[in-house]
Amino acid sequence: MTTTFESDALLAEMGRLHPKLIDLSLERIAGLLEQLGAPQRNLPPVIHVAGTNGKGSTTAFMRAMLEAAGLRVHAYTSPHLVRFHERIRLARAPGQSSDIEETELVDYLKRVMSANAGAPMTFFEMTTAAAFLAFAETPADVVLLEVGLGGRLDATNLVARPAISVITPISLDHTELLAATVEEIAAEKAGILKPGVTAVIGPQSSQVLDVLEEVAGRVDARLLVWGQDFDAYEQNGRLVYQGEDRVLDCRLPELHGRHQIANAGLAMAALVHADLDHDIPEDAIDQGLARVHWPARMSKLNDGPLAQIAGDATEIWLDGGHNPAAGAALGQFLAELEERAPKPTFLIVGMMQRKDVEGFIAPFHDLAREVLAVPIPGSETGALAVSELADRISAAGLPVCEATSVLDAMRQIINVEPNEKRILICGSLYLAGAVLAFEAHGAI
């Protein structure tokens with residue numbers, strides 16, 4: 001059963017104010033924020049996060065670590081998986097936070113809409129303004145602020161001086177909105193670098209790193225670079241972080257996959273070097289690695305409706321990755337699982353239009369017995385048609401068949417392989433959100 005919220009109507013109205021889903025500019029949002037009293041100038045210390053892959057996981061690690069240290073933490077992330085409220089997380093008490101409540105969200109959205117007075121404004125700009133209001137008016141020690149798209153002209157980039165900037169791995173994605181080459185995309189994301197502000201940089205290609213270093217030199221930002229100034233790696237079942245002046249020996253992160261070692265290490269570097277009012281002790285970093293929770297990032301579905309349908313013989317994983325870099329990370333994780341516990345592996349894949357299907361699916365070439373192409377519920381206008389998705393997966397050299405839904409795909413897989421098997425549902429955060437909604441409410 002789907003619950004209707006007053007905020008749904010307000011958000012839908014916001015979506016009609018500007019013809020483009022995303023129109024990168026700072027002029028509109030700057031004017032709106034001035035009408036609202038410039039809340040972006042009254043925030044707690046901000047950690048600003050940009051990148052292509054790993055932004056959400058890195059932010060989740062930092063929040064878990066900061067809260068384990070007893071700090072009050074706000075967080076702004078996108079997109080949401082099930083409810084918009086997930087995007088704005090507010091500190092409630094030392095070490096505790098939760099998604100914005102419906103009454104709070106409605107109040108902030110109405111105030112933003114009143115100040116905007118019907119002027120053209122993108123959905124993301126409007127909701128970012130609401131988040132800034134919420135963050136400025138709710139006491140906290142730190143704000144974790146995730147870029148929506150790009151960086152230079154993203155609505156979050158009106159924060160003049162963050163406590164630290166963080167750039168996660170950059171690769172090709174959203175080329176129709178940002179740029180056609182990885183160097184141009186890197187230049188857009190480097191737009192969050194600020195004079196005199198330290199930035200920690202996750203693992204990057206040499207082309208990307210050249211761009212980041214050039215922009216940093218131009219704006220006088222100090223860079224701390226993965227593999228040069230700090231590193232993190234697994235050793236003897238532990239996560240070791242090594243920086244210029246600090247070594248941390250911690251437990252492995254709760255989030256699965258080797259790429260999460262890098263995300264955790266980047267989060268650790270950010271908190272070690274951030275210009276905050278509080279030091280983050282090593283035991284809080286260690287506890288945060290155990291407490292971190294970030295849905296649809298190689299999440300194992302153990303006891304929900306899908307697991308009940310599939311039975312004990314089936315291992316089900318869910319991930320929202322949707323670009324070639326994410327596909328490579330998922331392929332590596334599946335390969336490691338296969339090495340430890342071999343099982344027939346099946347993929348259930350739904351993808352949005354303008355995504356690099358072939359690049360995403362290629363890393364699964366020697367891993368997947370079969371791929372089942374499915375539609376994405378609620379995203380029919382933006383999702384790839386199942387027939388086209390199947391054709392492109394087939395063209396990439398993987399065996400594929402079509403299914404009418406995730407449940408239909410599950411039934412087909414069970415019919416083909418009733419014994420032990422492994423299923424990964426992936427290809428889109430929107431598909432992952434639909435699966436999580438099914439897990440919570442039993443409808444997909």
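Considering only residues two or more places apart in sequence or on other chains, Pro324 meets the side chain to side chain contact (heavy atoms under 4.5 Å, CB included) condition with Asp356. Applying the ring-ring contact (aromatic ring centres under 6.0 Å, His included) test to Trp226 and every residue at least two apart in sequence or in another chain returns Phe230. Ser165 pairs by the side-chain hydrogen bond (donor to acceptor under 3.5 Å, both in side chains) definition with nothing, not counting sequence neighbours. Qualifying ring-ring contact (aromatic ring centres under 6.0 Å, His included) partners for His259, counting only residues two or more places apart in sequence or in other chains: none. Under the rule for a side chain to side chain contact (heavy atoms under 4.5 Å, CB included), the partners of Pro139 that lie at least two apart in sequence or sit in another chain are Arg72.
Between Leu248 and Arg246, some side-chain heavy-atom pair lies under the 4.5 Å cut-off. At least one side-chain heavy atom of Leu306 sits under 4.5 Å from a side-chain heavy atom of Glu439. Taking 4.5 Å as the limit, some side-chain heavy atom of Met352 sits within range of a side-chain heavy atom of Ser428. Looking at heavy atoms from C-beta onward, Leu144 lies out of side-chain contact with Tyr76 at the 4.5 angstrom threshold. Proximity of Leu372 to Leu347: side-chain heavy atoms (C-beta onward) are nowhere separated by under 4.5 Å. Contact of the Leu32 side chain with the Met126 side chain is registered, since non-hydrogen atoms from C-beta on lie closer than 4.5 Å. In this structure, Leu337 and Glu315 have side chains that are in contact, with non-hydrogen atoms separated by less than 4.5 Å. Using a 4.5 Å heavy-atom cutoff, the side chains of Phe360 and Lys355 are not in contact.
Judged by distance alone, with hydrogens and angles left aside, the side-chain atoms of Asp319 form a donor-acceptor pair with the main-chain N or O of Gly321 at under 3.5 Å. In this structure, Lys300 contributes its side chain and Met298 its backbone to no donor-acceptor pair below 3.5 Å. With hydrogens and angles ignored, the 3.5 Å screen pairs a side-chain donor or acceptor of His322 with a backbone N or O of Gly320. Of the possible donor and acceptor atoms, none in the side chain of Asp231 sits under 3.5 Å from a partner among the backbone N and O of Gln242. Formation of a donor-acceptor pair under 3.5 Å by the Asn157 side chain with backbone atoms of Leu153 is not found in this model. Side-chain atoms of Ser114 never come within 3.5 Å of backbone atoms of Arg111 as a donor-acceptor pair (strictly under, hydrogens ignored). Formation of a donor-acceptor pair under 3.5 Å by the His74 side chain with backbone atoms of Leu90 is not found in this model. Judged by distance alone, with hydrogens and angles left aside, the side-chain atoms of Arg297 form no donor-acceptor pair with the main-chain N or O of Gly257 at under 3.5 Å. Between the side chain of Thr58 and the backbone N or O of Gly54, at least one donor-acceptor pair lies under 3.5 Å. A donor-acceptor pair is defined here as one N or O able to donate and one able to accept, closer than 3.5 Å; no such pair exists between the side chain of His293 and the backbone of Ala64.
A distance of 7.5 Å separates CG of Leu407 from CE of Met410, quoted to the nearest 0.5 Å. In this structure, CD on Gln353 lies 9.5 Å from CD1 on Ile376, to the nearest 0.5 angstrom. Atom-to-atom distance recorded for Leu158:CG and Phe132:CZ is 6.5 Å, nearest 0.5 angstrom. Atom CD1 in Ile425 sits 12.5 Å away from atom CH2 in Trp317 (nearest 0.5 Å). Annotation: the span from Asp154 atom CG to Ile192 atom CD1 amounts to 9.5 Å, rounded to 0.5 Å. For the atom pair CG of Leu11 and CE of Met113, the computed distance is 9.0 Å after rounding to the nearest 0.5 Å.
A donor-acceptor pair shorter than 3.5 Å cannot be found between the side chains of Thr128 and Glu125. Between the side chains of Asn53 and Ser171, a donor-acceptor pair is found at a separation under 3.5 Å.
For residues 42-61, the set of pairs meeting the salt bridge (charged side-chain N to carboxylate O under 4.0 Å, His left out) definition, not counting sequence neighbours, is empty. Among residues at least two apart or in separate chains, there is no ring pair (Phe, Tyr, Trp, His ring centres under 6.0 Å) pair with a member in residues 199-222.
Between Glu146 and Ser78, the shortest heavy-atom distance links the atoms OE2-O, 3.1 Å. When all heavy atoms are compared, the tightest approach of Ile261 to Pro253 is CD1-CD, 3.9 Å. Val374 and Val386 get closest at one heavy-atom pair: C-CG2, 3.5 Å. Nearest heavy atoms, Pro295 versus Leu436: CB-CD1, 3.9 Å. Shortest non-hydrogen contact noted between Ala68 and Gln287 is CB-CB, 3.9 Å. Closest of all the heavy-atom pairs between Met351 and Gly427 is CG-O, 3.6 Å.
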With a cut-off of 3.5 Å and sequence neighbours excluded, list every side-chain donor-acceptor pair involving residues 265-283.
{"from": "Glu282", "atom 1": "OE2", "to": "Asp249", "atom 2": "N", "distance (Å)": "3.4"}

N/O donor-acceptor pairs under 3.5 Å from side chains in residues 95-103, not counting sequence neighbours:
{"from": "Ser97", "atom 1": "OG", "to": "Glu67", "atom 2": "OE2", "distance (Å)": "2.5"}
{"from": "Ser97", "atom 1": "OG", "to": "Arg89", "atom 2": "NE", "distance (Å)": "2.8"}
{"from": "Ser98", "atom 1": "OG", "to": "Arg92", "atom 2": "NE", "distance (Å)": "2.9"}
{"from": "Asp99", "atom 1": "OD1", "to": "Arg89", "atom 2": "NH1", "distance (Å)": "3.3"}
{"from": "Glu102", "atom 1": "OE1", "to": "Ser7", "atom 2": "OG", "distance (Å)": "2.8"}
{"from": "Glu102", "atom 1": "OE1", "to": "His85", "atom 2": "NE2", "distance (Å)": "2.7"}
{"from": "Glu102", "atom 1": "OE2", "to": "Glu6", "atom 2": "N", "distance (Å)": "3.0"}
{"from": "Glu102", "atom 1": "OE2", "to": "Ser7", "atom 2": "N", "distance (Å)": "2.9"}
{"from": "Glu102", "atom 1": "OE2", "to": "Ser7", "atom 2": "OG", "distance (Å)": "3.4"}

Using distance only, find each side-chain donor-acceptor pair of residues 325-336 under 3.5 Å and give its atom names and separation, not counting sequence neighbours.
{"from": "Glu336", "atom 1": "OE2", "to": "Arg258", "atom 2": "NE", "distance (Å)": "2.9"}
{"from": "Glu336", "atom 1": "OE2", "to": "Arg258", "atom 2": "NH2", "distance (Å)": "2.5"}

Tell me which donor-acceptor pairs under 3.5 Å the side chains of residues 197-224 have, and how far apart each pair is, sequence neighbours excluded?
{"from": "Gln204", "atom 1": "OE1", "to": "Ile170", "atom 2": "N", "distance (Å)": "2.9"}
{"from": "Gln204", "atom 1": "NE2", "to": "Thr168", "atom 2": "O", "distance (Å)": "2.9"}
{"from": "Gln204", "atom 1": "NE2", "to": "Gly202", "atom 2": "O", "distance (Å)": "3.4"}
{"from": "Ser205", "atom 1": "OG", "to": "Gln207", "atom 2": "OE1", "distance (Å)": "3.4"}
{"from": "Ser205", "atom 1": "OG", "to": "Val208", "atom 2": "N", "distance (Å)": "3.3"}
{"from": "Glu214", "atom 1": "OE1", "to": "Arg218", "atom 2": "NH2", "distance (Å)": "2.9"}
{"from": "Glu214", "atom 1": "OE2", "to": "Arg218", "atom 2": "NE", "distance (Å)": "3.1"}
{"from": "Glu214", "atom 1": "OE2", "to": "Arg218", "atom 2": "NH2", "distance (Å)": "3.4"}

Taking only distance into account, with no hydrogens and no angle test, what donor-acceptor pairs under 3.5 Å do side-chain atoms of residues 40-48 form with protein atoms, sequence neighbours excluded?
{"from": "Arg41", "atom 1": "NH1", "to": "Glu34", "atom 2": "OE2", "distance (Å)": "3.1"}
{"from": "Arg41", "atom 1": "NH2", "to": "Glu34", "atom 2": "OE1", "distance (Å)": "3.4"}
{"from": "Arg41", "atom 1": "NH2", "to": "Glu34", "atom 2": "OE2", "distance (Å)": "3.1"}
{"from": "Asn42", "atom 1": "ND2", "to": "Ala38", "atom 2": "O", "distance (Å)": "3.3"}
{"from": "His48", "atom 1": "NE2", "to": "Thr156", "atom 2": "OG1", "distance (Å)": "2.9"}

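A salt bridge links Arg392 and Glu358; the closest N-O separation between the charged side-chain nitrogens and carboxylate oxygens is under 4.0 Å.
Other residues, nucleotides and ligands contribute more than 12 heavy atoms inside 6.0 Å of the CD atom of Glu86.
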Is there a side chain to side chain contact (heavy atoms under 4.5 Å, CB included) between Arg28 and Thr122 once you walk through the steps? CA-CA 9 Å; Arg28 291 181 304 272; Thr122 68; 4.0 Å; yes
